[in-house]
Amino acid sequence: MAMKEVFKTCEETPDPIPTKVTGQIPKWLSGSLLRNSPGKFEQGEQKYRHWFDGMALIHKFHIQNGDVRYQSKFLRSDAYVQGLEQKRIVMSEFGTSAYPDPCKSIFSRMFSYFTPMSCPRTDNGNVHLMQVGEEYYAHTELPFIRKVDPRTLDSGKLKVDYEKYVAVNGATAHAQNDTDGTTYNMGTTYGKNGGYCLIKIPPPDKGEVENPLQKASIIAKIPQKYGAFPNYFHSFAMTENYFVFVEQPFFLNVLKIMAGPLLGKGVDWAFQFHKEIPTQFHVIEKATGKVWTTKYTADALMTFHHINAYEDNGHLVMDLCAFAKMDAVFQFYLHNLRTWSKEEANEKLGDTDNYIARFVLPLDVPEDVPDDENLVKLSDTLASAIRKDDSIYCVPEILTDANFDLPRVNEKYNGRKYRYIYAVDVYRTPFRLVKVDAQTKENKYWSEENCYTSEPVFVEAPNPTSEDDGVVLSAVVRADEGKSTCFLLVLDGKTFTELGRAELSQPNKVPMQTHGIYVANM
């Protein structure tokens, strides 16, 4: 199947190369689309098992005067550099366990097996890019972030550990940037007094570029309920005045994580989904860090990606990509992606029970309201909330019949009432782009034979006249038997039709990607 070409190791392109532009790329579009992705799936003779395991490859599409140039470099993480030097997998990843160094003595190797927590944790930041002030960092969900120069894509000089500044053992791959330049993230603290921590990262002092976490602090903490089973989360919601943390019944079994290296298991082995446990939404005040005692619950779900959230007449509206089961985590093993037929891929990827949910949390709930009264008073949603036992039980509106993930919105509307969602339908092949009108429920699609689209990024036009006045950028990988090629696709934000594309002439340069950001005038 041609899809296997999308998930193969690619070479880096350290020097910018030209692309062939067809159609018209707007002259006003001037900046760089920075992308992150797994890009190397073996070290020596040892192979990674899961798409999430690959070594981070940072991409740049530089756009200026209707022209596009492309370059990429592998993130010089310790996992990447030491793996090259030793020709083996030196640090365990999501789905792949590292084995002891064969050059060590038998005693040392046995000691490594029986002290798994002493093994170095990976710093392979292959998920996203985070902006703090004027600096950019590649990161994943472990505590390490590594600085990337957005002009040259050089990395490796500055590795920062969250744990040295705030008491967390990891943080999400989706930090939130507020309008005042403050960055927020959610982290996890394991152990007896473990919990989920809201981290505030003020803008660095003027001239300070070597320590993005210099003034970081924990401003709120939600206690962990289940001891050795901390909740897994990948993102969180932010509005003008609140944050929402979704405590989903999707857990990491810490005992399995510790035993994994002994049994040759990756972190994936430790995931557990308990559909009998309800989901809980925790509301946190942005100004004070106060965690509300009001208990909002819903049926069991799991989510990776929040779409957006906003406040509306005494309600907090939150949209997310939800799943009724955890199968999505396990569909992206490389063996599957490289061997499935198109029919098998559509069957397996489509069997994830994915739905797009809009939850509405009523913020002002009278004490004497009847148990069966709908507490949601907004006229433009079918979502509901009622008193149930000791909680406010929330039932979502299914926002659209489109199934998708990797959602993005116009960043100017992040945390505000909005209308349009841009995303990727990754649950059928080839992956297609979708634009959803959350008001009219209309969906628009872009697809092309054998083309696998990546997370779309909306860039607003100068002097916009509407929320969707701009362009949508997506790095698209075309898969043919024996090779892959890539082009940067530019769509009209309103009509969702193609304006132009910039195609690389060299094959096997760009794999399927995860997340990224657009940086104007760079």
Side-chain angles (χ1 to χ4, degrees), residues 176-180 182 184 198 220 235-247 278-299 301 303 305-322 355-388 390-400 407-422 436-442 458 460 464-469:
Q176 296 262 21
N177 291 321
D178 212 346
T179 54
D180 64 356
T182 301
Y184 294 93
L198 178 62
S235 60
F236 61 103
M238 180 178 76
T239 70
E240 184 179 354
N241 297 295
Y242 301 99
F243 300 95
V244 182
F245 171 68
V246 178
E247 188 174 10
T279 299
Q280 183 171 348
F281 306 123
H282 298 273
V283 176
I284 306 170
E285 294 180 1
K286 185 183 292 185
T288 65
K290 177 183 176 181
V291 181
W292 280 25
T293 57
T294 305
K295 185 178 180 182
Y296 299 94
T297 62
D299 290 340
L301 64 81
T303 182
H305 297 116
H306 286 261
I307 302 170
N308 201 6
Y310 58 90
E311 299 157 41
D312 190 2
N313 292 317
H315 302 75
L316 198 156
V317 182
M318 178 177 61
D319 300 338
L320 48 81
C321 302
Y355 59 100
I356 310 307
R358 167 165 287 181
F359 287 95
V360 179
L361 313 184
L363 298 177
D364 301 309
V365 181
E367 289 291 336
D368 57 349
V369 66
D371 287 353
D372 59 350
E373 180 178 328
N374 185 5
L375 301 172
V376 176
K377 305 304 181 182
L378 300 178
S379 61
D380 61 350
T381 181
L382 298 176
S384 63
I386 61 172
R387 285 192 178 276
K388 185 177 181 180
D390 62 342
S391 73
I392 306 299
Y393 173 67
C394 302
V395 177
E397 173 187 2
I398 305 304
L399 200 58
T400 171
R408 296 293 291 262
V409 301
N410 181 337
E411 289 298 318
K412 193 169 77 174
Y413 289 80
N414 186 38
R416 297 171 51 195
K417 191 168 185 176
Y418 76 113
R419 181 171 177 176
Y420 300 107
I421 306 166
Y422 305 93
V436 175
D437 185 330
Q439 181 175 307
T440 67
K441 314 304 182 188
E442 179 187 11
F458 180 86
E460 190 174 65
T465 58
S466 63
E467 179 185 334
D468 57 351
D469 189 1

Strictly distance-based, threshold 3.5 Å: is any side-chain N or O of [X] a donor or acceptor partner for the main-chain N or O of [Y]?
X    : Y    : answer
T303 : A322 : no
N374 : A385 : yes
D364 : G314 : no
E467 : Y420 : yes
E460 : K412 : no
H315 : K377 : yes

Give me the atom names and distance for the closest heavy-atom approach of [X] to [Y].
X    : Y    : value
G289 : A220 : O-CB, 3.2 Å
A438 : R358 : CB-NH2, 4.1 Å
C394 : Y296 : SG-CD2, 4.3 Å
E397 : A383 : CB-N, 3.6 Å
L301 : T279 : N-OG1, 3.1 Å
D312 : L378 : O-CD2, 3.6 Å

How many angstroms lie between [atom1] in [X] and [atom2] in [Y], if you round to the nearest 0.5 Å?
X    : Y    : atom1 : atom2 : result
L363 : Y242 : CG    : OH    : 5.0 Å
M238 : Y184 : CE    : OH    : 7.5 Å
E247 : H282 : CD    : NE2   : 4.0 Å
R416 : N308 : CZ    : CG    : 10.0 Å
L316 : F359 : CG    : CZ    : 12.5 Å
E411 : R408 : CD    : CZ    : 5.0 Å

Over 12 foreign heavy atoms within 6.0 Å of NZ, K290: no
Given L361, V369, I386, the one that forms side chain to side chain contact (heavy atoms under 4.5 Å, CB included) with L375: V369
Got [X] and [Y] here, is their nearest side-chain heavy-atom distance under 4.5 Å?
X    : Y    : value
N241 : E285 : no
K286 : T182 : no
T297 : K388 : no
M318 : T239 : no
V365 : R387 : yes

Qualifying residue, where the test is side-chain hydrogen bond (donor to acceptor under 3.5 Å, both in side chains) with Y418 and the options are D468, N410, D319: D319
Pair L320-H306, side chain to side chain contact (heavy atoms under 4.5 Å, CB included): steps then yes or no: CA-CA 4 Å; L320 48 81; H306 286 261; 4.0 Å; yes
Worked verdict on Q439 versus D380 for side chain to side chain contact (heavy atoms under 4.5 Å, CB included): CA-CA 8 Å; Q439 181 175 307; D380 61 350; over 6 Å; no
Candidate pair D299 and Y393, rule side chain to side chain contact (heavy atoms under 4.5 Å, CB included), full reasoning: CA-CA 8 Å; D299 290 340; Y393 173 67; 2.9 Å; yes
Pair Q176-N414, side-chain donor/acceptor within less than 3.5 Å: yes
Parallel, tilted or perpendicular: rings of F458 and Y422 (30°, 60°): parallel
Stepwise side chain to side chain contact (heavy atoms under 4.5 Å, CB included) check, V436 with E442: CA-CA 6 Å; V436 175; E442 179 187 11; over 6 Å; no
